[in-house]
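Below is one structure, written out as structure tokens; the observations come after it.
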Amino acid sequence: MLYIECPYCGLRSQNEFAYGGDGTVKRPTLNKEVSDKEWDNFVYNRKSPRGKHVELWHHISGCRQWIKVQRDTVTHEIFKTVSADKEI
Amino acid sequence: MKSQSPLDIVHEKGLNGDYEGKNESDILKINEVKNLLIVQIVKFKDSKITISNFKINGIEMSEESNMVKSINETRILWVGPNNWLVTSTDKNLLPKIKETFKETDFAVTDLSHSRAIIEIEGKNCREVLKKGCPYNFNDLKKNNCVNSIFHGITLTIDMMNDSPEKIRLFALRSFGESMHHSITDASLEFGYKNI
């Protein structure tokens with residue numbers, strides 16, 4: 001069981017959260033030519049790193065806010081959590 | 001036609017569980033709260049308004065997480081950033097809220113008929129909730145509230161009093177019967193009285 005520090009509510013159980021995928025993916029700039037490869041990378045292609053990874057989580061049964069979590073995919077240790085509009 | 005409360009069918013009055021040989025003051029009291037006004041207030045993300053200038057019946061809106069501000073039967077629960085739940089027995093409060101919180105800066109929604117509400121009173125309230133909820137209830141003090149999950153049901157928990165313990169639980173109306181079943185099932189070992 002993971003315990004995630006929500007930046008709004010405090011330390012909460014993973015049961016209250018929904019995983020939201022890779023938190024490093026950036027949407028291609030609007031009104032700019034986008035190649036198929038760039039679009040593929042945005043929509044489908046994801047890294048699966050061993051070690052530190054920035055993820056999005058949704059505190060769905062709590063404050064309903066999206067947050068960014070820096071987590072070790074091997075040890076599951078959580079290093080840092082911030083609101084979704086901030087960078088880790 | 002008569003309006004029906006969310007737990008009308010399942011909430012049968014009487015003593016249940018392991019109540020024999022116990023004082024009535026030691027067993028839990030479970031009550032369905034009916035006719036409560038529930039209003040959700042959400043401040044828009046791009047609003048420049050300072051929330052500390054706003055009051056409802058003289059009650060400030062808490063900007064501190066998991067806190068409840070109250071006077072008498074009107075309670076304002078913090079349920080998320082820029083998101084509050086107002087509960088009150090005063091039905092005339094809604095027009096006042098709509099007048100105070102202008103629609104240019106706030107979304108005001110009447111949720112009164114969309115929630116099932118259970119009130120538990122007694123010294124083992126926390127123990128009942130610990131059975132299905134991952135939150136550390138030892139941290140929950142009077143006038144704290146928390147959004148969490150109980151046996152898969154998303155709940156808003158309002159700690160109205162901690163001596164004696166009195167807790168109000170809000171779930172979506174459609175989850176009301178499941179919540180009632182889970183709560184009463186968890187209360188069996190302590191003995192409970194449906195009132």
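Letters A, B, ... mirror the listed sequences (proteins, then strands); counts begin at 1.
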ILVMFWY network linking [X] to [Y], side-chain heavy atoms under 4.5 angstrom:
X        : Y        : result
B:Leu172 : B:Ile183 : yes
A:Ile60  : A:Phe17  : no
B:Phe101 : B:Leu94  : yes
A:Met1   : A:Tyr19  : no

Taking everything shown except [X] itself, do over 12 heavy atoms lie less than 6.0 Å from its [atom1]?
X       : atom1 : value
A:Asp85 : CG    : yes
A:Lys86 : NZ    : no
B:Lys91 : NZ    : yes
B:Lys55 : NZ    : no

Next item on the list: Sort out for me which of A:Ser83, A:Ser61, A:Ser13, A:Cys63 touches chain B most, counting heavy-atom pairs under 4.5 Å.
Entry: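 It is A:Ser61.
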Next item on the list: Would you please go through residues 60-89 of chain B and name the residues with a non-hydrogen atom below 4.5 Å from one of chain A, in numerical order?
Entry: B:Ser65, B:Asn66, B:Trp78, B:Val79, B:Gly80, B:Pro81
Notebook entry, point to check: Under 4.5 Å, heavy atom to heavy atom, which residues of residues 143-150 of chain B contact chain A?
Noted result: B:Val146, B:Asn147, B:Ser148, B:Ile149
Item checked: side-chain contact (heavy atoms from CB on, under 4.5 Å) involving A:Trp39 - partner list, sequence neighbours excluded ->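 Partners of A:Trp39 by the side-chain contact (heavy atoms from CB on, under 4.5 Å) criterion, ordered by chain and then number, come out as A:Arg27, A:Pro28, A:Val34, A:Phe42, A:Val43.
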Notebook entry, point to check: Going by the side chain to side chain donor-acceptor pair (under 3.5 Å) test, which pairs reach into residues 15-24 of chain B, not counting sequence neighbours?
Noted result: B:Glu24-B:Lys193
